Each structure stands twice: as structure tokens, then as C-alpha cells.
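Everything below concerns the one structure shown next.
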Amino acid sequence: MKYYFAMSIKRLLRAPTSLIFNLIYPVFIVILSGAIAGNHMMGGRAESNYFISEALGKSLIPMACISFAMYVARQIGNGSLTRLNYFGVKTRWLMLADLLAQIVCAAMGVAIAMIVAWLAFRLKSPGAGYFFAYILQLFFALVTLMVWGQVAGVVIRNVAGIILVGIIESFFLLFCAGGAATLDAVPRGVKVMAECFPISWVSYKMPAVWIGQAYWVPKFLWISAIWLVAGILILWFMSLAGNPFIRAMQKQKIQSSMGKSKAKSREAAKG
């Protein structure tokens with residue numbers, strides 16, 4: 001598993017889509033947000049301390065919904081999991097290694113984006129305790145999103161389908177994260193719906209942690225815990241030997257291979 005984990009990180013950093021969304025996109029969002037906000041001060045703090053949570057939350061969405069989901073679907077589609085299964089490697093360990101590799105790459109992107117905000121836009125943490133609480137909760141949101149990105153990749157198993165579904169998911173979650181309007185400006189029913197997703201709490205409530213007004217966001221924690229546990233249970237079912245998702249892909253590849261063999265046999269017979 002260690003070797004596969006290392007190879008997963010290399011593949012993620014080599015793939016153009018993963019490289020862009022994991023490392024470049026978070027920095028781009030932070031720079032764009034900083035350019036829009038300018039060097040204004042709010043309450044004695046640079047405005048970057050208020051927009052950093054929303055910027056990081058928005059950067060995590062396409063990582064999970066598009067980039068990682070595409071990677072997972074491609075791993076299943078090209079037969080990588082099937083070939084390793086033949087050597088006795090359990091599917092659950094392969095899926096776990098891919099998930100951990102994506103979490104590492106996503107964390108690298110977030111760290112680089114925060115360093116850029118610190119250097120260019122005067123981002124400043126209020127203290128070690130608040131910083132630790134903030135990073136821990138942001139990491140919780142990151143893991144939850146990546147788990148569901150993997151769920152989407154295993155369920156859909158088609159790169160073209162992932163792109164379509166991922167774009168729809170990304171637009172919806174970006175709306176929840178304040179991409180179109182603040183939650184206070186939308187109807188109550190829409191606000192309640194958006195608050196069912198952890199990313200909305202990252203954008204609207206976690207800035208209070210960063211600026212030292214609170215250590216924890218309780219509703220975010222338990223809503224994220226529900227999503228995370230549900231996603232892990234789904235992945236566990238999918239990783240079981242003979243599960244319908246992986247088995248369907250294996251059957252499709254076997255049938256395709258048999259069809260090609262028969263076609264070659266007919267051509268040889270005619271010749």
C-alpha cells in the first residue's frame with residue numbers, strides 16, 4: 001500500500017487536471033479574492049483575514065467534484081484496480097491509498113494558497129490556539145469533500161459523465177459557499193438547504209475562528225461528521241469484493257476483450 005500511495009501522489013501531481021485544481025487553482029482564487037478586496041482594513045485587520053475561508057472553501061470544491069472524481073473514474077476505467085486485484089491487493093486498500101494521496105495533494109494546495117495570502121495580502125492568525133482550531137476544522141471539511149469526490153468517481157466510473165456531473169455539483173456548492181450571493185440575502189428555505197452542506201459553514205462561520213472570535217463551529221462539525229460517516233460507509237460497501245460497481249466495470253472490460261478477439265478470429269478465418 002505504501003508503494004501504491006507514493007505512486008498515487010506522483011500520478012496526481014503529473015496529471016494536468018489534478019495539478020491545476022490541487023495546486024494552481026487555490027492560489028488563483030486567493031489572488032483573485034485579494035485583488036477584488038484590495039488592501040482595505042476591517043476592524044484593524046486586513047480584509048484577507050475575512051475572505052480567506054471563503055476562498056479556500058471555493059478552491060476545495062472543484063478538487064473533489066471534478067479533479068479527484070475524474071482520477072478515481074480513470075483508475076477504474078483503465079483497469080488499474082482490476083489488475084492489482086489479480087495480485088491479491090484488496091480494493092479497499094487501493095481506494096484508501098488514492099484518498100490519502102488526494103488529501104495530501106489538496107492540503108499542499110491549501111498551504112501554498114495560505115502562504116501566498118500571508119505574503120501578498122497581510123493574512124495574520126490571531127494566535128496558536130485559534131490557528132490550530134481553524135486548520136483542524138478546515139482539514140475536516142477537506143476530508144469530507146474528498147470522500148464524496150471518491151464516491152462520485154466510483155459510482156459514475158466515466159470521465160465524461162464525471163465532468164458533466166462535477167460541473168453541476170461545483171456550481172451548486174459554489175452557490176452554497178457564497179459564489180452568487182450571501183446566505184443572508186436569499187430566501188429562508190434556500191438558506192436552510194445551503195446550510196445542510198459543510199462548505200457553507202466554511203465560508204460564513206469559520207472566519208470567526210480565524211479572527212479569534214470563536215474556537216469551534218459546532219453545527220459545522222456535526223453536519224460534516226454526518227456527511228463524512230455516510231461517505232465512508234458508501235465507500236466501504238463499494239470496496240467489498242464483488243461489489244456491483246467494480247464488478248460491472250470488470251464484466252464490461254471482459255466482454256469488450258472477448259468481442260475484439262472474436263472479430264480478429266473472423267478476420268483471420270476470412271483471410
Side-chain angles (χ1 to χ4, degrees), residues 4-5 7-26 28-29 56-82 84 91-110 139-177 179 197-199 202 224 227-239 243-250 252-253:
Y4 185 81
F5 170 70
M7 290 304 298
S8 293
I9 292 180
K10 289 181 180 180
R11 283 194 295 266
L12 285 165
L13 294 178
R14 287 175 182 173
T17 305
S18 297
L19 180 63
I20 290 171
F21 282 112
N22 285 329
L23 300 182
I24 299 175
Y25 185 72
F28 169 75
I29 291 295
L56 294 178
K58 289 177 180 178
S59 70
L60 293 177
I61 292 169
M63 282 188 201
C65 297
I66 300 176
S67 174
F68 186 42
M70 285 176 59
Y71 173 82
V72 172
R74 193 178 294 114
Q75 289 295 97
I76 297 174
N78 63 20
S80 297
L81 292 180
T82 305
L84 289 170
T91 301
R92 66 175 68 96
W93 296 118
L94 300 175
M95 293 173 64
L96 178 60
D98 283 336
L99 177 62
L100 292 177
Q102 172 60 26
I103 289 172
V104 169
C105 292
M108 289 170 56
V110 169
F139 184 76
F140 196 18
L142 185 155
V143 173
T144 302
L145 276 170
M146 298 311 148
V147 165
W148 278 94
Q150 190 168 37
V151 169
V154 178
V155 171
I156 298 174
R157 311 186 310 277
N158 180 277
V159 174
I162 283 292
I163 294 174
L164 176 61
V165 174
I167 289 173
I168 295 172
E169 290 177 343
S170 296
F171 276 117
F172 173 75
L173 291 178
L174 284 170
F175 167 78
C176 293
F197 297 90
I199 200 66
V202 173
S224 296
W227 280 99
L228 181 60
V229 170
I232 290 173
L233 289 176
I234 293 172
L235 287 178
W236 177 262
F237 165 74
M238 293 176 177
S239 69
N243 75 73
F245 300 97
I246 304 297
R247 186 174 58 201
M249 183 59 69
Q250 292 173 345
Q252 179 182 349
K253 284 200 163 291

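Heavy-atom basis, side chains included; hydrogens, waters and symmetry copies ignored. Bear in mind that the values here come from a model prediction, so they are computed numbers and not experimental data.
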Which heavy atom of [X] sits nearest a heavy atom of [Y], and at what distance?
X: Gly57; Y: Ile199; result: O-CD1, 3.4 Å
X: Gly153; Y: Ile76; result: O-CD1, 4.4 Å
X: Ala152; Y: Ala69; result: CB-CB, 4.4 Å
X: Phe5; Y: Ala101; result: CE1-N, 3.4 Å
X: Leu19; Y: Leu13; result: CD1-O, 3.7 Å
X: Asn22; Y: Pro26; result: O-CG, 3.6 Å

[X] versus [Y]: any side-chain heavy-atom pair under 4.5 Å?
X: Arg11; Y: Asp98; result: yes
X: Val202; Y: Leu56; result: no
X: Phe68; Y: Phe21; result: no

*asked:* Closer than 3.5 angstrom, by distance alone: can the side chain of Trp148 be matched with the main-chain N or O of Trp227 as a donor-acceptor pair?
replied: yes

_When you measure from the side chain of Arg14 to the backbone of Leu12, do you find a donor-acceptor pair of N or O atoms at a distance under 3.5 Å?_
no

_Worked check of side chain to side chain contact (heavy atoms under 4.5 Å, CB included) between Leu99 and Met95_ = CA-CA 6 Å; Leu99 177 62; Met95 293 173 64; over 6 Å; no

*Working for side chain to side chain contact (heavy atoms under 4.5 Å, CB included), residues Ile61 and Cys65*: CA-CA 6 Å; Ile61 292 169; Cys65 297; 4.1 Å; yes

*asked:* I'd like to check the side chain to side chain donor-acceptor pair (under 3.5 Å) partners of Gln150; sequence neighbours left out, ordered by chain and number.
replied: none

_Under the criterion side chain to side chain contact (heavy atoms under 4.5 Å, CB included), I'd like the reasoning laid out for Ser67 against Tyr71: C-alpha separation, chi angles, the key distance, then a yes or no._
CA-CA 6 Å; Ser67 174; Tyr71 173 82; 5.9 Å; no

*Apply side chain to side chain contact (heavy atoms under 4.5 Å, CB included) to the pair Gln75 and Val72, showing each step before the final yes or no.*
CA-CA 5 Å; Gln75 289 295 97; Val72 172; 5.7 Å; no

